[in-house]
Undergrad: 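Can you read through this structure? Questions will come right after.
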6 protein chains.
Amino acid sequence: MSELTHLDEQGQARMVEVGGKAVTHREAVARGEVAMRKETLELIVEGKAPKGEVFGVARIAGIMAAKKTSALIPLCHPLMISGVDVYFRPNYDRNTVEIEARVRVTGQTGVEMEALTAVSVAALAIYDMCKAADREMVIGAVRLVHKSGGKSGAFERKGEAAWS
Amino acid sequence: MSELTHLDEQGQARMVEVGGKAVTHREAVARGEVAMRKETLELIVEGKAPKGEVFGVARIAGIMAAKKTSALIPLCHPLMISGVDVYFRPNYDRNTVEIEARVRVTGQTGVEMEALTAVSVAALAIYDMCKAADREMVIGAVRLVHKSGGKSGAFERKGEAAWS
Amino acid sequence: MSELTHLDEQGQARMVEVGGKAVTHREAVARGEVAMRKETLELIVEGKAPKGEVFGVARIAGIMAAKKTSALIPLCHPLMISGVDVYFRPNYDRNTVEIEARVRVTGQTGVEMEALTAVSVAALAIYDMCKAADREMVIGAVRLVHKSGGKSGAFERKGEAAWS
Amino acid sequence: MSELTHLDEQGQARMVEVGGKAVTHREAVARGEVAMRKETLELIVEGKAPKGEVFGVARIAGIMAAKKTSALIPLCHPLMISGVDVYFRPNYDRNTVEIEARVRVTGQTGVEMEALTAVSVAALAIYDMCKAADREMVIGAVRLVHKSGGKSGAFERKGEAAWS
Amino acid sequence: MSELTHLDEQGQARMVEVGGKAVTHREAVARGEVAMRKETLELIVEGKAPKGEVFGVARIAGIMAAKKTSALIPLCHPLMISGVDVYFRPNYDRNTVEIEARVRVTGQTGVEMEALTAVSVAALAIYDMCKAADREMVIGAVRLVHKSGGKSGAFERKGEAAWS
Amino acid sequence: MSELTHLDEQGQARMVEVGGKAVTHREAVARGEVAMRKETLELIVEGKAPKGEVFGVARIAGIMAAKKTSALIPLCHPLMISGVDVYFRPNYDRNTVEIEARVRVTGQTGVEMEALTAVSVAALAIYDMCKAADREMVIGAVRLVHKSGGKSGAFERKGEAAWS
């Protein structure tokens, strides 16, 4: 098992040197969800709000958060992401909003933190916009689904189907 | 059921006017968790890393994120939080790190978004520091546990025991 | 005529002390516009984009910029704005998008800079989203329309009709 | 006419993928102006303020804003600008301060948004420093004047003379 | 001797709760200096640069940094500073630039960190502008000189004369 | 002696164009110190605080500040640092905490400002955490110790021994 690379031999935090890593095209996809009451989900998707406005605001929150990742996560490297997509999908069976973020870069470090941050902040923005109606929403299942382009090899989380 | 107050009559996003609200002492507590492999949890808590360093970094990430909440969540009001605590607790039965954030303010809006943001970013920081060892960690159960001080009344989530 | 209060007796910049000013409810309204080709305006309002998405993104840009004003304008005081609205209105006679921002605060300084910043950044966001179609757009007429609540008295710019 | 590339097929905002674009030297020049009363212009240029202090502060505001562009404009890519100049020129015939910003980068996306943002924020800073003397200033004619280095070809706005 | 209040009983960092403190007018003054070669000092003050431009840029850097203090210092409380002054004074005997920052607030916490941050960042900005001419400059003597307005009583550092 | 490159021929500030510089591996090391009372040093290192917590928080402050350098220093270029280390060392003879920051990048500009900023902000964070116990601490000797990788040649400050 690997050690924690963000800690040096004395166990002190550091921003790991990546200057010797290859510059490659990298991509990461993360997913998560916001569980809520059935009425809250309807309010977002079919209710008085025009379709998409809650998702529209949360999408911008997620995209802008991806750009702020290295300012939020202490030991994360700054990088110039080349593209971000954030998608939402209501799941009426489970009364959740599912979120997917896809981030790409040409650089020396992966973008899984950017994708996970985009999902997390998009979820928080949904919570913020709906909290007057439902305080009990739960953000969960925030996870890495796909990663490619780095030295450590591609990663595909099992059991994750592509979104149509 | 309440409407979505962050949208005006045309369904357009707005930052809701709170100027008429009372200035009161307000507090919010949020919780969440990072699920991981048993070995990853041991690496954090008992392993080569000195006890607490991963939690120490994640705590600072959470506290600093609480202060950035209004810059991350589009329709959130800026406010001057008066105190923040972030706690971590390993759960060896479930192989999770449990996170609790407690935020206080004297102001016109609640601090549930600040508490939820602190938990989310602390969880992301843990993921970042351990991802070389475990890519499959999942951030979940990010939820509001307690809220007091506002006009809408106190909120206590059921089934949440105080941390000893 | 007043002097430039942001400069001291030696002509050096300073952030003017406002600690002695009264805390009052204050409001400012600013307007501006983006002039473009007829086809560009149609593309935004009636075209392939769903109605409102360009405006939706620009609205969020304006609201978030209002919150960043004191970080952008060197001598501006930080303040906790209590509400922001950003509106858009296509003007088919002049081929412009008209923008209005309304900002409120309870504090010791006015919010005209916040309102002007919201308009300017919303305009820049529109430019950004449409620049692939029209490089010759012009942002103009960015101006203060209304100001109330401070010691210097209310201000109403002449010839500005309320938006219906 | 081009479509709006910042929207996907469903009309949803995205940060367009630029990873496949060539890395080239790129430059953009933007201009704008602040119209004011004759007395205000004199106050800035010849008045009690030492020559240049208002312009000095506004220049720094513009340069720093160029660096913040991707944090302000939701769908803008982060990039590492390699140089910025901001110039001011009083126009006594029209009672305006004219502003020019010149931004360069070696990268995959153009810097027109950085140049336009530098001009806009420099103009807002001038407004801020002079607003105690003149509330009726108007920021206008913010426009792209020159762009070179990208795939879409060079752009020269007609009727724009070089500043001596 | 006092304990370290930023650590709780377990020695874990926290942002100390200040909600119960009185809202009072508070002021802090900090000073520091940049030591340099005689030629560098002359270059700044009497040389080819117009008098004051280096100081002008460093002053803005210091003022803007004061506003960012709570984003830089992990356990610092956000607050709305009501005024900032930054002064520079060449000392030809010691070949230093002396820096003084004065910050005021009406709030629940003191502003010594804001004053010290303003001095430090102004010093760094001077270093940055002069480093092509002199790599060996040293920033030193960054210290609190005056503090008033809080519960812990006024503080006057001995041996610090007022700047004329 | 070199001129001040951050000023153009008119003495106006600018962000110097670096687009023509070579992309090379660059490194900078800076050092500084916080002088304090003997009791304060003991409180940090041996006292009630668990060993390292004050240093742990200050280390994160320094690392995160290194990433913010171009947002703090007006004419500094943005760059993507590839690694940062921040070290602390108590000096019981002089009653100081010594700080060293080491920053690396592959880019067109050096990272001395990033290293100096990391040291300065780490020092400010130490001050912040200990100020309740000791108001008279002094931050000093903030200096560049090593620089390599740029066109201007390597720099080694005399009299600086490597830290064991």
Side-chain angles (χ1 to χ4, degrees), chain E residues 1-7 10-13 32 37 39-40 43-44 47-50 53-54 56-58 60-61 64-65 68-69 71-76 110 112-113 116-117 120-121 123-125 127-144 147 152 155 157, chain F residues 1-7 10-13 32 37 39-40 43-44 47-50 53-54 56-58 60-61 64-65 68-69 71-76 110 112-113 116-117 120-121 123-125 127-144 147 152 155 157:
Chain E
M1 184 170 206
S2 308
E3 297 181 7
L4 299 178
T5 54
H6 283 92
L7 301 176
Q10 281 75 43
Q12 296 170 338
R37 292 208 298 259
E39 295 85 349
T40 311
L43 201 62
I44 294 175
K48 295 183 180 177
E53 185 68 15
V54 168
V57 174
I60 296 303
M64 295 182 84
K68 286 176 195 154
T69 301
L72 285 172
I73 311 300
L75 306 178
C76 231
E112 55 265 60
M113 292 317 302
L116 289 162
T117 299
S120 294
V121 174
L124 289 167
Y127 187 100
D128 179 49
M129 284 181 281
C130 300
K131 70 180 190 294
D134 185 355
R135 283 165 165 169
E136 304 198 21
M137 289 172 286
V138 178
I139 298 170
V142 179
R143 64 204 188 272
L144 182 66
K147 180 180 187 305
S152 59
F155 167 75
R157 194 181 194 93
Chain F
M1 182 171 207
S2 308
E3 295 181 8
L4 299 178
T5 53
H6 283 91
L7 300 175
Q10 281 75 45
Q12 296 170 339
R37 293 208 299 257
E39 295 84 352
T40 312
L43 201 62
I44 294 176
K48 296 184 179 176
E53 185 68 15
V54 168
V57 174
I60 297 303
M64 294 182 84
K68 287 177 194 152
T69 303
L72 284 172
I73 311 299
L75 306 179
C76 232
E112 57 264 59
M113 293 317 302
L116 290 162
T117 300
S120 295
V121 174
L124 289 166
Y127 188 100
D128 180 49
M129 285 182 280
C130 301
K131 69 181 192 293
D134 185 354
R135 283 164 166 172
E136 304 198 21
M137 288 171 286
V138 177
I139 298 169
V142 179
R143 63 204 188 273
L144 182 66
K147 180 181 187 304
S152 60
F155 167 76
R157 195 181 194 94

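In this text the structure is predicted, and so the values were computed from the model without any measurement.
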Undergrad: Counting only non-hydrogen atoms closer than 4.5 Å, does Arg157(F) touch chain E with its backbone (N, CA, C, O), its side chain (CB onward), both, or neither?
TA: side chain

Undergrad: If you tally heavy-atom pairs under 4.5 Å against chain E, which of Pro74(F), Ala125(F), Ser120(F) wins?
TA: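 The residue among Pro74(F), Ala125(F), Ser120(F) with the greatest pair count is Pro74(F).
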
Undergrad: Thr69(F), Ile73(F), Val142(F), Leu144(F): which one forms the most heavy-atom pairs within less than 4.5 Å of chain E?
TA: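 Looking at each of Thr69(F), Ile73(F), Val142(F), Leu144(F) in turn, Val142(F) comes out on top.
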
Undergrad: For Leu72(E), which atoms come within 4.5 Å of any heavy atom of chain F: side chain, backbone, both, or neither?
TA: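 For Leu72(E), the contact with chain F is made by backbone and side chain together.
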
Undergrad: Just wondering, do Leu116(F) and Lys131(E) contact through their side chains at under 4.5 Å, heavy atoms?
TA: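 Side-chain contact under 4.5 Å: no.
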
Undergrad: Quick one: CD on Glu112(F) to OH on Tyr127(E), what's the gap to the nearest 0.5 Å?
TA: 6.0 Å

Undergrad: Go through the atoms of Met113(F) and report whether side chain, backbone, both or neither lie under 4.5 Å from a heavy atom of chain E.
TA: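 Contact with chain E: side chain only.
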
Undergrad: Among Ile60(F), Leu124(F), Val121(F), single out the residue with the greatest number of heavy-atom pairs under 4.5 Å to chain E.
TA: Leu124(F)

Undergrad: Can you tell me which of Thr117(F), Ile139(F), Leu75(F) forms the most heavy-atom pairs within a distance under 4.5 Å of chain E?
TA: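 Maximum pair count with chain E is reached by Ile139(F).
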
Undergrad: Quick check for you: to the nearest 0.5 Å, what is the distance between Glu53(F) atom CD and Gln12(E) atom CD?
TA: 7.0 Å

Undergrad: Looking at every heavy atom in both Asp128(E) and Cys76(F), which two are closest together, and how far apart are they?
TA: OD2-N, 3.9 Å

